[in-house]
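Starting from 1, each residue takes its place in the sequence as its number.
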Amino acid sequence: MVEPVKVLLLFVNEADVWHDAPLYYAIVQRLRQLEIAGATVLTGSLSFGHHKRLHHKGLLGISDDRAITILAVDNEAKLRAAIPDVREMMTEGLTLLLDAELVLDLPQSV
(Lines give C-alpha, C1' and ligand atoms only; values in the text may rest on other atoms or scores of the structure.)
Protein backbone atom coordinates (compact mmCIF):
# COMPACT_ATOMS: atom_id res chain seq x y z
CA MET A 1 0.00 0.00 0.00
CA VAL A 2 1.25 3.47 -0.77
CA GLU A 3 0.39 6.83 0.72
CA PRO A 4 -1.84 8.72 1.00
CA VAL A 5 -4.20 6.36 2.82
CA LYS A 6 -7.64 6.78 4.31
CA VAL A 7 -9.58 4.78 6.88
CA LEU A 8 -13.24 3.99 6.31
CA LEU A 9 -15.07 3.39 9.61
CA LEU A 10 -18.48 1.76 9.56
CA PHE A 11 -20.56 1.40 12.71
CA VAL A 12 -23.29 -1.26 12.64
CA ASN A 13 -25.12 -3.45 15.16
CA GLU A 14 -24.16 -7.04 15.80
CA ALA A 15 -27.76 -8.16 15.13
CA ASP A 16 -27.94 -6.52 11.66
CA VAL A 17 -28.18 -8.98 8.77
CA TRP A 18 -27.76 -8.93 5.00
CA HIS A 19 -29.35 -11.83 3.10
CA ASP A 20 -29.35 -14.11 6.18
CA ALA A 21 -25.68 -13.41 7.01
CA PRO A 22 -24.32 -11.07 9.67
CA LEU A 23 -24.06 -7.61 8.10
CA TYR A 24 -20.47 -7.08 9.26
CA TYR A 25 -19.44 -10.33 7.55
CA ALA A 26 -21.24 -9.42 4.32
CA ILE A 27 -19.62 -5.96 4.29
CA VAL A 28 -16.11 -7.39 4.75
CA GLN A 29 -16.78 -9.90 1.98
CA ARG A 30 -17.91 -7.05 -0.32
CA LEU A 31 -14.84 -4.96 0.54
CA ARG A 32 -12.68 -7.97 -0.31
CA GLN A 33 -14.46 -8.37 -3.66
CA LEU A 34 -13.77 -4.68 -4.35
CA GLU A 35 -10.07 -5.36 -3.64
CA ILE A 36 -9.83 -2.95 -0.71
CA ALA A 37 -6.35 -3.26 0.84
CA GLY A 38 -7.59 -4.47 4.23
CA ALA A 39 -10.51 -4.60 6.64
CA THR A 40 -10.96 -5.56 10.29
CA VAL A 41 -14.08 -6.08 12.41
CA LEU A 42 -14.06 -4.97 16.06
CA THR A 43 -16.75 -5.71 18.64
CA GLY A 44 -17.61 -2.95 21.09
CA SER A 45 -17.74 -3.79 24.78
CA LEU A 46 -19.94 -0.80 25.55
CA SER A 47 -21.33 1.88 23.26
CA PHE A 48 -24.24 4.13 22.38
CA GLY A 49 -25.32 6.02 19.29
CA HIS A 50 -27.93 8.56 18.24
CA HIS A 51 -30.69 6.51 19.95
CA LYS A 52 -28.79 6.94 23.27
CA ARG A 53 -29.41 3.25 24.07
CA LEU A 54 -26.47 1.46 25.69
CA HIS A 55 -25.23 -1.58 23.79
CA HIS A 56 -23.25 -4.01 25.93
CA LYS A 57 -22.52 -7.61 26.73
CA GLY A 58 -25.39 -8.84 28.89
CA LEU A 59 -25.64 -11.44 31.61
CA LEU A 60 -23.44 -14.50 31.21
CA GLY A 61 -21.67 -12.87 28.27
CA ILE A 62 -24.74 -13.02 26.05
CA SER A 63 -24.83 -10.29 23.45
CA ASP A 64 -27.16 -7.33 23.85
CA ASP A 65 -26.93 -6.11 20.25
CA ARG A 66 -23.38 -4.84 20.64
CA ALA A 67 -21.85 -2.28 18.33
CA ILE A 68 -19.58 -3.52 15.55
CA THR A 69 -16.94 -1.32 13.96
CA ILE A 70 -15.53 -2.19 10.57
CA LEU A 71 -12.23 -0.52 9.65
CA ALA A 72 -11.14 -0.55 6.03
CA VAL A 73 -7.85 0.92 4.79
CA ASP A 74 -6.90 1.93 1.25
CA ASN A 75 -6.50 5.02 -0.88
CA GLU A 76 -9.28 7.60 -0.98
CA ALA A 77 -10.49 6.80 -4.50
CA LYS A 78 -11.00 3.09 -3.78
CA LEU A 79 -12.74 3.72 -0.46
CA ARG A 80 -15.03 6.41 -1.90
CA ALA A 81 -15.93 4.03 -4.74
CA ALA A 82 -16.85 1.33 -2.17
CA ILE A 83 -19.08 3.58 -0.05
CA PRO A 84 -22.24 3.34 -2.22
CA ASP A 85 -22.10 -0.48 -2.19
CA VAL A 86 -21.63 -0.59 1.57
CA ARG A 87 -24.26 2.06 2.35
CA GLU A 88 -26.79 0.10 0.27
CA MET A 89 -26.29 -2.82 2.68
CA MET A 90 -26.78 -0.70 5.82
CA THR A 91 -30.23 0.31 7.07
CA GLU A 92 -28.72 2.45 9.83
CA GLY A 93 -25.33 3.25 11.25
CA LEU A 94 -22.53 5.72 10.90
CA THR A 95 -19.94 5.95 8.12
CA LEU A 96 -16.74 7.98 8.47
CA LEU A 97 -13.82 8.52 6.09
CA LEU A 98 -10.69 9.60 7.96
CA ASP A 99 -7.20 10.71 6.99
CA ALA A 100 -4.46 8.32 8.06
CA GLU A 101 -0.69 8.21 7.99
CA LEU A 102 0.95 4.99 6.84
CA VAL A 103 3.79 4.51 9.31
CA LEU A 104 4.88 0.97 8.52
CA ASP A 105 3.64 -1.68 6.08
CA LEU A 106 5.48 -4.92 6.78
CA PRO A 107 5.37 -7.62 4.10
CA GLN A 108 3.54 -10.81 5.03
CA SER A 109 5.65 -13.91 5.50
CA VAL A 110 4.71 -16.86 3.35
Contact check, side chains of Met90 and Thr95, non-hydrogen atoms, under 4.5 Å: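 Contact flag for Met90/Thr95 side chains = yes.
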Within-4.5 Å side-chain heavy-atom neighbours: Val5 and Asn75: no
Polar side-chain atom of Asp74 near backbone of Leu79 as donor-acceptor pair, under 3.5 Å: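 No, Asp74 side chain to Leu79 backbone: no donor-acceptor pair under 3.5 Å.
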State plainly whether one hydrophobic cluster holds both [X] and [Y], where clusters connect Ile, Leu, Val, Met, Phe, Trp and Tyr through side-chain heavy atoms under 4.5 angstrom apart.
X     : Y     : result
Val41 : Ile83 : yes
Val17 : Val12 : no
Met89 : Leu97 : yes

Test side chain to side chain contact (heavy atoms under 4.5 Å, CB included) applied to Leu71 - qualifying residues, sequence neighbours left out: Val7, Leu9, Leu42, Thr69
Partner of Ile70 under side chain to side chain contact (heavy atoms under 4.5 Å, CB included), chosen from Leu8, Thr40, Leu31: Leu31
Interatomic spacing from CG in Leu34 to NZ in Lys78 - rounded to 0.5 Å: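 One gets 8.5 Å once the value is rounded to the nearest 0.5 Å.
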Salt bridge (Lys or Arg N to Asp or Glu O under 4.0 Å) against Arg87, all qualifying residues, sequence neighbours excluded: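 None.
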Asp99: salt bridge (Lys or Arg N to Asp or Glu O under 4.0 Å) partners, not counting sequence neighbours: Lys6
Under 3.5 Å, which donor-acceptor pairs do the side chains of residues 18-30 form with other protein atoms, sequence neighbours left out?
{"unit_1": "Arg30", "atom_1": "NE", "unit_2": "Asp85", "atom_2": "OD2", "d": "2.9"}
{"unit_1": "Arg30", "atom_1": "NH1", "unit_2": "Gln33", "atom_2": "OE1", "d": "3.0"}
{"unit_1": "Arg30", "atom_1": "NH2", "unit_2": "Asp85", "atom_2": "OD2", "d": "2.5"}

